[in-house]
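Read the numbers this way: they start at 1 and go in the same order the structure lists the ligands and their atoms. Since the model is a prediction, treat every value here as computed from it, not as a measurement.
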Amino acid sequence: MYILGVPRYANTAPLYHFLEEGDGLAFRYGVPTELNRWLLEGSVDLSLVSSYFYLEHAHQLRPLPDFSVADLGPVYSVNLFHRIPWNDLKRIALTTESATSVRLLQYLLEADGIQAQYTPAQGGLELLEQYDAVLLIGDRAITTYYGLLSIIPESVHQVPNQIEGIRITDLSMKWFERTRLPFVFGVWATRRNAPPPPEIVRRLRSARSLGLGNLAAVAGTEAQRLGVPERLMQHYLWNFRYHLEAPDRLGLEAFAKAVGLPYPDDYWDV
Ligand SMILES: C=C(O[C@@H]1C=C(C(=O)O)C=C[C@H]1O)C(=O)O
């Protein structure tokens, strides 16, 4: 049985909603930090992994050439929630689900000359009683953001980034302002000694094509699962870049440079 590591996040649903288990393929669900570990250990065969984790372990891992969870500008689900201004942040609580976003946050703060203390913590906005800021990703970031919004605006230009004294800093938008590049949060990789079977890659591509072609159905399911409006979910999902195209690779290369790691530019030829 070939085991695929999948985060049960709405942002990845367009890739796996139409992917069927069976016929030699099974899913194992986890948050990105679990998937990263499982892939390296060998308890999943092909998985979405945090881009930072991949860059750190590029001598052991190799990605598919055309799969990513990336975006240009806002991502809406990698959010720093804080009451005091960005420049004054000192004590920050970090989601334990992410490898990439925590490193991105550290880079962005340091680039602005801000030295903060980071503490892994589980929870939501209640952490703001003890910390200056809390970093959330994935479904939790979306539902927390939605929980603060009293109305869903007609236009994205009206989505507030401060609500009832809580500021929402979208890390991907901050990255874009600094670099004008896309940001790659995740890639799909295998271990170097275990190339991806072409038939599995074919099934992944065909599921993605169905997912993106039927985004309303995917958004409907995910909106219901998370208890958010379909309109919000649909906008959230279409905004992602799922193909690791040339601009995304430039973004990944810039991220590697920003965090002092080599960019291997080395993908499976599949
Ligand atoms: C955009 C997101 O991307 C995820 C964030 C990751 C990380 O920070 O390590 C890893 C994989 C992505 O699926 C998100 O979860 O909101």
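A donor-acceptor pair under 3.5 Å is absent between the side-chain atoms of D45 and the main chain of Y2, judged by distance alone. For the pair S47 (side chain) and V49 (backbone), a donor-acceptor distance under 3.5 Å is absent.
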Under 3.5 Å donor-acceptor pairs involving side-chain atoms of residues 62-70, not counting sequence neighbours:
from: R62; atom 1: NE; to: D266; atom 2: OD1; distance (Å): 3.0
from: R62; atom 1: NH2; to: D266; atom 2: OD1; distance (Å): 2.8
from: R62; atom 1: NH2; to: Y267; atom 2: O; distance (Å): 3.1
from: D66; atom 1: OD1; to: R205; atom 2: NH2; distance (Å): 3.2
from: D66; atom 1: OD2; to: R205; atom 2: NE; distance (Å): 2.7
from: D66; atom 1: OD2; to: R205; atom 2: NH2; distance (Å): 3.4
from: D66; atom 1: OD2; to: R208; atom 2: NH2; distance (Å): 3.3
from: S68; atom 1: OG; to: R241; atom 2: O; distance (Å): 3.1
from: S68; atom 1: OG; to: H243; atom 2: N; distance (Å): 3.4
from: S68; atom 1: OG; to: L244; atom 2: N; distance (Å): 2.8

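Aromatic ring centres of F183 and F255 lie closer together than 6.0 Å.
Partners of R225 under the salt bridge (Lys or Arg N to Asp or Glu O under 4.0 Å) rule, at least two apart in sequence or in another chain, are D139, E222. Listed by chain and residue number, nothing satisfies the side-chain hydrogen bond (donor to acceptor under 3.5 Å, both in side chains) test with W38 (two or more places apart in sequence, or in another chain).
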May I have every N or O pair linking ligand 1 to the protein at under 3.5 Å, one per line with atom names and distance?
from: ligand 1; atom 1: 8 (O); to: S98; atom 2: OG; distance (Å): 2.6
from: ligand 1; atom 1: 8 (O); to: S101; atom 2: N; distance (Å): 3.1
from: ligand 1; atom 1: 8 (O); to: S101; atom 2: OG; distance (Å): 2.6
from: ligand 1; atom 1: 9 (O); to: S50; atom 2: OG; distance (Å): 2.7
from: ligand 1; atom 1: 9 (O); to: S98; atom 2: OG; distance (Å): 3.4
from: ligand 1; atom 1: 9 (O); to: A99; atom 2: N; distance (Å): 3.0
from: ligand 1; atom 1: 9 (O); to: T100; atom 2: N; distance (Å): 2.9
from: ligand 1; atom 1: 15 (O); to: N11; atom 2: ND2; distance (Å): 3.1
from: ligand 1; atom 1: 15 (O); to: G138; atom 2: N; distance (Å): 3.2
from: ligand 1; atom 1: 16 (O); to: N11; atom 2: ND2; distance (Å): 3.4
from: ligand 1; atom 1: 16 (O); to: S77; atom 2: O; distance (Å): 3.0
from: ligand 1; atom 1: 16 (O); to: S77; atom 2: OG; distance (Å): 2.6
from: ligand 1; atom 1: 16 (O); to: G138; atom 2: N; distance (Å): 3.0

